[in-house]
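Here the structure comes first, spelled out in structure tokens, and everything after it is commentary.
Please read all numbers here as calculations on a predicted model, not as lab measurements. Computed over heavy atoms, backbone and side chain alike; hydrogens, waters and symmetry mates excluded.
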Amino acid sequence: MNARDSLLHCRLSNAPKYRLVVRFTNKDIIVQIVYARLQGDYVLAAAHSRELPLYGINHGLTNWTAGISVFTIKHAPF
């Protein structure tokens with residue numbers, strides 16, 4: 001049983017269990033909030049590190065800090 005199966009089968013309520021997914025590519029970082037359903041995974045929100053230059057950050061776009069920063073900047077209720 002993998003992690004997705006355990007999210008589907010070990011549910012005590014109907015509330016979805018959200019998870020933070022960070023995907024690294026050669027040129028980009030993608031950060032997503034995902035939850036699992038029987039039909040497949042649903043992505044609620046996603047952010048890419050290539051969006052950081054819009055906020056004035058032009059260096060270090062392929063590290064963990066960049067991935068979390070873009071998600072925080074884009075989706076924070078300021």
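Every residue meeting the side chain to side chain contact (heavy atoms under 4.5 Å, CB included) condition with Leu44, not counting sequence neighbours, appears here in chain and number order: Tyr18, Ile33, Tyr35. Residues that satisfy the salt bridge (charged side-chain N to carboxylate O under 4.0 Å, His left out) test with Arg23, not counting sequence neighbours, are absent from this structure.
Both Leu20 and Ile29 are members of a single hydrophobic cluster when ILVMFWY side chains are connected at heavy-atom separations under 4.5 Å.
Using a 4.5 Å cut-off on side-chain heavy atoms (C-beta onward), Ile30 and Arg50 make no contact. Side chains of Val21 and Val31 form no contact here, defined as non-hydrogen atoms less than 4.5 Å apart.
Here Arg19 contributes atom CZ and Asp41 contributes atom CG; the two are 4.5 Å apart, rounded to the nearest 0.5 Å.
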